[in-house]
**Student:** 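Okay, here's the structure, questions in a sec.
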Amino acid sequence: MRKALLPLIIIITTTLLLIRIFYLQVVNDTFKLQSENNAIKIKYDYPERGYIYDRFGKLLVANQPSYDIMVIPRELKKIDTSEFCSLLNITKEFFNERMNKAKIYSPRLPSVFLPQLNKLEYAAFQEKIRKFEGFYIQKRSLRDYQVTSGANVFGFIRQVSEKEIAKNPYYNSGDLIGKQGVEESYEKVLRGIKGVKYIQKDKYNREIGSYKEGKYDTIAVQGEDIYLSISADLQKYGEELMINKRGGIVALEPATGEILALVTAPSYDPSILVGRQRSKNYTRLYNDSIAKPLFDRGLLAEYPPGSPFKILTGLIGLQEKVIDEKTTFMCNHGFSYARGRFMKCHGSGPHQLHNGIYNSCNAYFGNVYMRIINKYLRPASAVNIWSNHVKSFGLGQFMGYDLPTGKKGKVPTGKTYNSMYPGWHWDSKTIVSNAIGQGEVLMTPIQLANMMATVANRGFYYTPHIIKKIKGEQIDPKFRVKHQTTIDRKHFEPIISGLFDVYNFGTASALRVEGIDICGKTGTAENFAKINGKRVKLQDHSIFVAFAPKDRPKIAIAVLVENGHYGAQNAGPIASLMIEKYLRKKITRTDLETRMLNKSLQGEYDKYYKTKIDTVLTPKAEESNEN
């Protein structure tokens with residue numbers, strides 16, 4: 001048996017090798033094609049990227065032709081370098097630098113020598129290209145923006161890096177790739193599929209026709225068009241309202257989770273990141289470490305939520321049965337909750353849930369929060385229960401939206417405070433500032449907007465997303481999944497009633513829009529920073545959250561204006577204008593519109609940001625003067 005084993009192994013191995021050789025030589029010519037690469041020139045045909053439209057079918061991003069000068073170093077003949085440089089208006093130093101880079105990439109493969117020629121430059125070079133053997137023109141398409149807003153939504157396209165080429169074999173040197181915004185999120189959909197042609201060359205390196213009569217050639221397939229959920233008009237209006245201000249606006253459709261507007265301020269015209277000046281302009285934007293125009297504040301900026309967080313404090317209090325609608329707490333311009341510790345408030349007198357909301361009473365919600373924590377024997381367990389309620393609104397986590405950037409925000413747990421106060425008995429009084437959104441809680445504007453969409457839906461939300469439709473494809477089914485909170489539906493109605501009266505006779509009564517039932521909440525988040533090692537109070541952030549109409553809501557919105565004073569001073573007016581603009585397509589309070597369009601906070605920013613801010617600090621309850 002042993003004698004037969006060795007010959008059997010040899011026979012089986014030989015048979016397998018013969019089958020593999022037959023497959024490679026007869027059935028599959030791929031390796032033959034690779035072995036003949038020295039005699040074959042590969043030409044790529046780049047498709048147009050898919051067009052981008054808004055939710056109403058308005059064209060936002062199209063394409064324009066662009067021409068790259070490509071070089072294959074091995075095919076380069078002796079040329080007149082001076083004439084070449086003069087023709088393209090480049091220096092000899094630049095020429096040598098680009099040639100060295102091309103040789104390092106590959107002597108026999110094409111790489112970009114000079115990208116993105118305009119039509120005049122292309123025509124001038126094409127006329128004399130025969131004099132510069134080894135160079136050729138590669139036609140591509142660049143983005144052609146039909147609007148000046150939405151740069152953070154679209155992102156941009158740029159040449160792939162060497163790391164990206166190594167990671168993804170689809171890309172070659174000089175190929176373009178989407179970065180940031182939907183260009184990155186939907187790169188595979190938008191880029192299409194490039195075509196490939198194999199050209200046979202003779203021993204003199206002259207092209208003699210298609211290899212194998214075009215057997216391996218493929219046709220370019222144009223990228224798919226996509227329809228975004230944003231309203232181009234609302235996006236533009238939001239960016240106009242935020243001129244000379246810093247912050248973010250996020251508007252959602254509660255019934256679907258579709259993003260109607262995603263505004264970050266300051267922003268920039270997306271067209272400046274197209275063409276030969278792209279790199280220069282990007283560097284300028286990137287190096288602006290003060291205004292940070294490339295920093296999407298709607299998705300990345302984490303702020304104390306301030307008074308809007310009282311909505312959750314009330315809902316959790318009702319769910320945990322520590323209060324009902326009639327529970328009353330006294331307010332004497334605040335309340336004393338520990339020896340020497342006082343939470344300030346603008347109100348006074350008895351407060352129940354309804355007027356506690358529309359008067360934004362710190363004393364009321366501070367007491368509610370302490371009851372939530374004191375309900376359980378161990379504070380850490382109580383905080384975990386409270387934290388789970390809060391997280392069920394999509395807070396403290398990446399929500400899974402279809403944009404490539406974001407922050408989780410922060411929702412503390414019992415472990416958070418055990419780490420902060422090791423070996424010390426902390427309790428509800430220690431962390432009461434969470435009640436009014438001034439403790440360890442941090443939220444991004446999109447999370448604030450999603451919270452209001454959830455309240456508008458009476459207890460559920462859909463994952464926010466910016467895609468509405470992809471031509472020829474289905475969008476991700478996760479955007480159709482309903483996320484239910486831990487709060488019973490019945491508890492939302494008394495909260496919504498209080499939010500409705502914020503506009504009737506509460507902190508936003510001056511911002512009413514006749515004929516539109518808006519539910520909203522002002523917020524004024526205190527803003528501290530460490531500057532040169534010292535704790536300094538900066539101007540408060542202005543916050544406003546709202547949804548409308550009260551029944552069957554069509555829009556939920558969050559506005560945050562950095563250093564913008566009270567919530568009703570800047571964020572509130574912007575939110576009211578955005579809501580009316582979306583629901584009515586016009587503005588009735590033109591005086592308010594003019595005031596907000598012309599309002600500048602640049603003086604505030606210049607005052608504080610001339611000195612480098614080391615760390616942004618979260619204020620504690622005793623320093624809160626929340627409105």
Side-chain angles (χ1 to χ4, degrees), residues 41-49 61-77 79 81 83-91 93-145 156-165 168-179 183 187 190-199 207 220 222-223 271-282:
K41 182 176 181 179
I42 300 174
K43 287 186 177 180
Y44 292 103
D45 183 14
Y46 288 89
E48 280 197 76
R49 287 179 78 86
V61 186
N63 298 305
Q64 57 182 308
S66 172
Y67 308 91
D68 292 351
I69 296 180
M70 309 293 292
V71 64
I72 303 175
R74 197 185 65 173
E75 297 181 5
L76 194 66
K77 303 299 181 183
I79 65 171
T81 307
E83 182 183 6
F84 184 91
C85 292
S86 176
L87 182 63
L88 294 172
N89 194 27
I90 60 174
T91 64
E93 291 76 17
F94 179 85
F95 178 93
N96 292 331
E97 177 188 329
R98 299 300 293 182
M99 283 304 305
N100 288 334
K101 187 175 181 180
K103 289 174 183 176
I104 291 171
Y105 170 69
S106 174
R108 62 184 183 82
L109 294 177
S111 58
V112 176
F113 180 86
L114 192 64
Q116 301 176 10
L117 273 65
N118 60 37
K119 290 181 180 179
L120 292 176
E121 292 169 328
Y122 163 71
F125 186 75
Q126 182 70 10
E127 187 178 339
K128 297 188 176 182
I129 195 171
R130 66 186 184 282
K131 301 170 72 174
F132 309 117
E133 192 171 349
F135 292 92
Y136 70 95
I137 294 290
Q138 175 69 67
K139 184 178 178 181
R140 305 183 197 270
S141 64
L142 298 179
R143 283 314 206 182
D144 185 14
Y145 295 98
F156 53 88
I157 58 173
R158 63 156 173 78
Q159 285 187 30
V160 290
S161 66
E162 291 181 10
K163 284 185 178 180
E164 287 163 333
I165 294 171
N168 191 333
Y170 174 85
Y171 297 102
N172 299 306
S173 177
D175 284 4
L176 301 175
I177 190 172
K179 298 303 293 183
E183 294 281 17
E187 162 70 5
L190 290 167
R191 76 186 182 195
I193 303 172
K194 60 190 174 189
V196 183
K197 291 183 179 179
Y198 297 96
I199 308 298
E207 295 182 9
Q222 182 171 346
S271 65
I272 70 171
L273 295 186
V274 176
R276 296 277 292 277
Q277 298 302 310
R278 193 204 75 81
S279 181
K280 177 183 175 182
N281 290 332
Y282 181 83

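Treat the numbers as computed from the prediction; the structure is a model and nothing was measured.
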**Student:** Could you check whether any side-chain heavy atom of L117 comes within less than 4.5 Å of a side-chain heavy atom of L88, counting everything from C-beta outward?
**Tutor:**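 Counting from C-beta outward, L117 and L88 do come under 4.5 Å.
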**Student:** Just checking, any donor-acceptor pair under 3.5 angstrom between side chains of Y46 and D175?
**Tutor:** yes
**Student:** Check whether any side-chain heavy atom of I199 sits under 4.5 Å from a side-chain heavy atom of K43, and report yes or no.
**Tutor:**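 Sidechains of K43 and I199: in contact.
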**Student:** Side chains of I90 and F84, heavy atoms from C-beta outward: is any pair under 4.5 Å?
**Tutor:**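 Yes - at least one pair of side-chain heavy atoms lies under 4.5 Å apart.
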**Student:** Give the minimum heavy-atom separation between V112 and G174, together with the two atoms involved.
**Tutor:**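 Heavy atoms of V112 and G174 come nearest at CG2-CA, 3.1 Å.
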**Student:** Might you work through the side-chain contact (heavy atoms from CB on, under 4.5 Å) test for Y122 and I69, ending with a clear yes or no?
**Tutor:** CA-CA 9 Å; Y122 163 71; I69 296 180; over 6 Å; no
**Student:** In the structure I gave you, are the side-chain heavy atoms of F94 and L114 within less than 4.5 Å of one another anywhere?
**Tutor:**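 Contact flag for F94/L114 side chains = yes.
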**Student:** Tell me if the NZ atom of K179 is crowded by more than 12 foreign heavy atoms within 6.0 Å.
**Tutor:** yes
**Student:** Give a yes or no on whether the backbone of K194 and the side-chain of Y170 come within a donor-acceptor separation of less than 3.5 Å.
**Tutor:** yes
**Student:** Any side-chain donor paired with an acceptor under 3.5 Å for S161 and E164?
**Tutor:**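 Side chains of S161 and E164: pair found under 3.5 Å.
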**Student:** For the side-chain hydrogen bond (donor to acceptor under 3.5 Å, both in side chains) test, which of R158, R143, R191 pairs with E183?
**Tutor:** R143
**Student:** Strictly distance-based, threshold 3.5 Å: is any side-chain N or O of N63 a donor or acceptor partner for the main-chain N or O of E48?
**Tutor:** no
**Student:** How long is the span from the CE atom in M99 to the OG1 atom in T81, to the nearest 0.5 Å?
**Tutor:**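 Answer rounded to 0.5 Å: 9.5 Å.
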**Student:** Take L76 and F135 through the test side-chain contact (heavy atoms from CB on, under 4.5 Å) and record every step on the way to the result.
**Tutor:** CA-CA 7 Å; L76 194 66; F135 292 92; 3.1 Å; yes
**Student:** Any donor-acceptor pair under 3.5 Å linking the side chain of E187 with the backbone of G178?
**Tutor:** yes
**Student:** So, taking the atom named CD1 in I79 and the one named CZ in F132, what distance separates them when rounded to the nearest 0.5 Å?
**Tutor:**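 Reported value, rounded in 0.5 Å steps: 6.0 Å.
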**Student:** Between S111 and V71, is the side-chain contact (heavy atoms from CB on, under 4.5 Å) condition met? List the steps.
**Tutor:** CA-CA 6 Å; S111 58; V71 64; 4.1 Å; yes
**Student:** Is it true that a side-chain atom of R49 and a backbone atom of G223 form a donor plus acceptor pair closer than 3.5 Å?
**Tutor:**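 No: the side chain of R49 does not pair with the backbone of G223.
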**Student:** Rounded to the nearest 0.5 Å, what's the gap from OG on S173 to CD1 on I165? Could you check?
**Tutor:** 5.0 Å
**Student:** Side chains of V160 and L176: does their closest heavy-atom pair fall under 4.5 Å?
**Tutor:**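 The answer is no, as the side chains (C-beta and beyond) never meet within the 4.5 Å cut-off.
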**Student:** For the backbone of Q116 and the side chain of R140, can you confirm whether one donor and one acceptor N or O come within less than 3.5 Å of each other?
**Tutor:**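 Side chain of R140 to backbone of Q116, a donor-acceptor pair under 3.5 Å: no, none is there.
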**Student:** With no hydrogens and no angle check, do the side chains of Q138 and D68 hold a donor and an acceptor under 3.5 Å apart?
**Tutor:**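 D68 and Q138 do not have a side-chain donor-acceptor pair below 3.5 Å.
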**Student:** Do F125 and Y67 have side chains that approach each other closer than 4.5 Å (heavy atoms only, starting at C-beta)?
**Tutor:**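 F125 does not reach Y67 side chain to side chain.
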**Student:** Can you tell me how far apart CG (L87) and NZ (K131) are? Round to the nearest 0.5 Å.
**Tutor:** 9.0 Å
**Student:** Given side chains that start at C-beta, do those of Y136 and F113 come closer than 4.5 Å, heavy atoms only?
**Tutor:**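 They are not in contact (no side-chain heavy atoms under 4.5 Å apart), so the answer is no.
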**Student:** Between V196 and I42, is any pair of side-chain heavy atoms under 4.5 Å apart?
**Tutor:**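 They are in contact (side-chain heavy atoms under 4.5 Å apart), so the answer is yes.
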**Student:** Rounded to the nearest 0.5 Å, what separation is found between the CD1 atom of I157 and the OG atom of S141?
**Tutor:** 6.5 Å
**Student:** So which atom in F95 and which in C85 form the shortest heavy-atom distance, rounded to 0.1 Å?
**Tutor:**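 Heavy-atom minimum between the residues: CB-SG, 3.9 Å.
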**Student:** Please test R278 against F156 for side-chain contact (heavy atoms from CB on, under 4.5 Å), starting from the C-alpha separation and ending with a verdict.
**Tutor:** CA-CA 10 Å; R278 193 204 75 81; F156 53 88; 3.7 Å; yes
**Student:** Would you compute the distance between atom NZ of K280 and atom CD1 of I272 and round it to the nearest 0.5 angstrom?
**Tutor:** 11.0 Å
